[in-house]
Amino acid sequence: MNSKILKSGHIKLYKRENSQYWQMKLKLPKLKSIRSSTGSKILKEAEIIAIKYYSTLRKKTNININRKKNIFKKIHLVETSDLKKKEIEHILYESKKYISYNKKRNKKINILEGRTIFNLFFEDSTRTRTSFEVAAKRLGADLINVVVKDSSINKGETLLDTMTTINSMNPDILIIRHPEDGISKRISKSVEASVINAGDGSHEHPTQALLDALTIKNKFNNFSKLKIAICGDILHSRVARSNIIILSKLGAKINVIGPKEWLPKNINKLPVEVFTDMKIGLKNCDIVMMLRIQKERIVDKIMPNQKTYFKKYGLDYNKLKYAKKNAFVMHPGPMNRGIEIESTLADDITRSLIQEQVAMGVAVRMACLDLIIRNRDNFVNN
Ligand code: CP
């Protein structure tokens with residue numbers, strides 16, 4: 001076999017004895033090598049084709065994949081309570097790289113080519129499900145959306161049997177949203193795949209809190225001088241719980257504000273100050289994070305009158321004045337306009353970070369998928 005190395009470790013040409021055509025073997029940093037025919041019988045021509053193809057691939061995957069030493073070493077992301085400050089900072093650092101990348105014309109980087117990821121959403125979702133799908137596809141992985149309403153769960157199959165069945169297809173990651181608290185953690189103990197919690201009951205929503213932290217970091221960089229208000233239905237909100245944990249670990253001070261009946265009994269055990277009055281609770285806050293009223297979890301209790309709720313706890317320009325002069329507004333979505341937040345304020349891009357949160361969701365989820373898969377690779381190889 002004839003061969004010629006054009007760039008050591010990266011571009012090699014070779015011609016098999018039974019072929020007239022030059023083949024190329026291209027190896028980009030951090031990616032699997034690619035073999036293809038140059039389509040040419042002439043070495044000089046094949047050299048030009050291989051170099052051109054290599055540089056096109058390089059441009060396509062032109063993302064800074066120089067990585068800091070990996071500090072986040074987990075193979076599951078099921079709760080924020082077991083994340084150390086350094087791990088959170090590392091995920092945010094990795095996520096930041098994808099922000100500009102996601103604005104490029106060509107958003108594809110095949111660092112997760114050949115990997116299989118399942119979206120298993122047993123509750124409704126727009127942002128989380130689609131942003132995991134976008135994230136996985138941009139990284140080159142195969143993502144399968146399991147349509148739960150059409151699945152064999154409806155024929156009486158247990159959740160664990162469904163997970164075991166999907167696990168037998170050798171997936172790398174299962175992304176699970178489910179109404180039961182703690183279910184992602186339990187599943188992570190019974191499958192070989194990695195598990196990402198995309199929201200479990202009123203318990204946790206780790207990637208939401210990470211994307212919220214990234215949104216805030218983009219505006220303020222440092223968390224240690226920040227006061228953040230989390231307002232509304234604290235009791236039923238997994239977003240509130242994960243944000244309290246993540247943002248306080250990063251050094252921010254947290255005020256929670258909501259009706260007394262929607263404050264968890266153990267709220268005083270969390271690193272927060274508690275208020276029932278927006279006027280007092282919003283004082284000196286840099287960020288006002290509104291929450292959705294979790295109607296689906298308030299089945300046996302009386303829902304407040306929407307007008308009365310908005311008057312006391314809905315965020316409008318008047319209440320926003322209680323916070324710092326240029327305070328920003330956040331909402332994880334989906335939002336109930338005119339109940340949790342005034343519609344014009346939600347759309348005011350000078351104050352509202354709501355659409356920015358959605359964009360950061362893709363970046364954070366790309367980082368989480370990549371980090372977890374790299375950790376799995378190391379785990380399996382070691
Ligand atoms: N914030 C959030 O979890 O939104 P979805 O329910 O649309 O995923």
Side-chain angles (χ1 to χ4, degrees), residues 77-80 91-92 95 102 117-138 143-149 173-184 195-216 218 228-247 258 287-299 315 328-337 339-341 346-347 352-369:
L77 179 58
V78 289
E79 53 193 9
T80 55
I91 297 172
L92 298 184
S95 305
N102 280 334
I117 300 171
F118 278 81
N119 257 345
L120 291 140
F121 278 60
F122 296 83
E123 262 189 2
D124 298 342
S125 169
T126 300
R127 280 145 285 266
T128 313
R129 188 178 57 74
T130 52
S131 63
F132 266 119
E133 183 167 355
V134 170
K137 287 182 174 168
R138 286 192 181 160
L143 183 129
I144 295 96
N145 276 306
V146 177
V147 185
V148 173
K149 71 175 176 53
I173 302 184
L174 307 179
I175 299 162
I176 301 170
R177 170 169 288 191
H178 197 277
E180 195 178 323
D181 289 21
I183 195 79
S184 293
V195 173
I196 296 181
N197 176 5
D200 60 336
S202 308
H203 179 229
E204 283 242 32
H205 192 350
T207 56
Q208 177 69 45
L210 287 164
L211 76 87
D212 289 338
L214 185 63
T215 308
I216 296 168
N218 288 342
I228 299 168
I230 303 179
C231 316
D233 179 7
I234 312 286
L235 177 65
H236 306 99
S237 174
R238 53 197 177 208
V239 175
R241 183 183 301 273
S242 292
N243 262 303
I244 289 168
I245 297 169
I246 291 238
L247 297 174
I287 301 271
V288 186
M289 186 186 289
M290 301 309 296
L291 299 171
R292 183 173 69 86
I293 300 173
Q294 309 276 306
K295 283 184 195 144
E296 66 276 27
R297 283 184 250 290
I298 315 180
V299 281
L315 190 67
F328 288 109
V329 175
M330 296 174 75
H331 192 304
M335 60 187 153
N336 293 300
R337 291 170 183 263
I339 301 171
E340 294 138 14
I341 187 163
D347 296 333
S352 166
L353 302 178
I354 294 169
Q355 294 313 317
E356 178 85 358
Q357 287 173 269
V358 179
M360 292 310 106
V362 179
V364 157
R365 286 166 181 136
M366 287 170 91
C368 291
L369 295 176

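Both ligands and their constituent atoms are indexed starting at 1 by order of listing. Keep in mind that the numbers below use all heavy atoms, side chains included, and drop hydrogens, waters and symmetry copies. Note that the coordinates shown come from a computational prediction; the quantities given were computed from them, not determined experimentally.
- Taking 4.5 Å as the limit, every side-chain heavy atom of Asn119 sits out of range of all side-chain heavy atoms of Ile144.
- Every atom of ligand 1 is numbered from 1 in the order shown, and the set under 4.0 Å from a heavy atom of Thr128 is 2 (C), 3 (O), 4 (O), 5 (P), 8 (O).
- Proximity of Gly333 to ligand 1 is established by a heavy-atom distance of less than 4.0 Å.
- Using a cutoff of 4.0 Å between basic side-chain nitrogens and carboxylate oxygens, Arg297 and Asp181 are not scored as salt-bridged.
- Screening Glu180, Glu296, Glu123 against Arg238 for a salt bridge (charged side-chain N to carboxylate O under 4.0 Å, His left out) leaves a single residue, Glu123.
- Closest protein heavy atom to atom 6 (O) of ligand 1: Arg177 NH1, 2.8 Å.
- Under the 4.0 angstrom criterion for non-hydrogen atoms, Arg292 is not in contact with ligand 1.
- Gln357 and Asp212 share a side-chain donor-acceptor pair at under 3.5 Å.
- Defined by atom type and a distance below 3.5 Å, a donor-acceptor pair is present between the side-chain atoms of Arg177 and Thr128.
- Proximity of Phe328 to Ser352: side-chain heavy atoms (C-beta onward) are nowhere separated by under 4.5 Å.
- Looking at ligand 1, you won't find any N or O of Pro334 less than 3.5 Å from one of its N or O atoms.
- The distance from ligand 1 to the heavy atoms of Thr126 drops below 4.0 Å at these ligand atoms: 5 (P), 7 (O), 8 (O).
- The shortest N or O to N or O distance between Arg129 and ligand 1 is not below 3.5 Å.
- Nearest protein neighbour of atom 4 (O) of ligand 1, counting heavy atoms only, is Arg127 NE, 3.1 Å.
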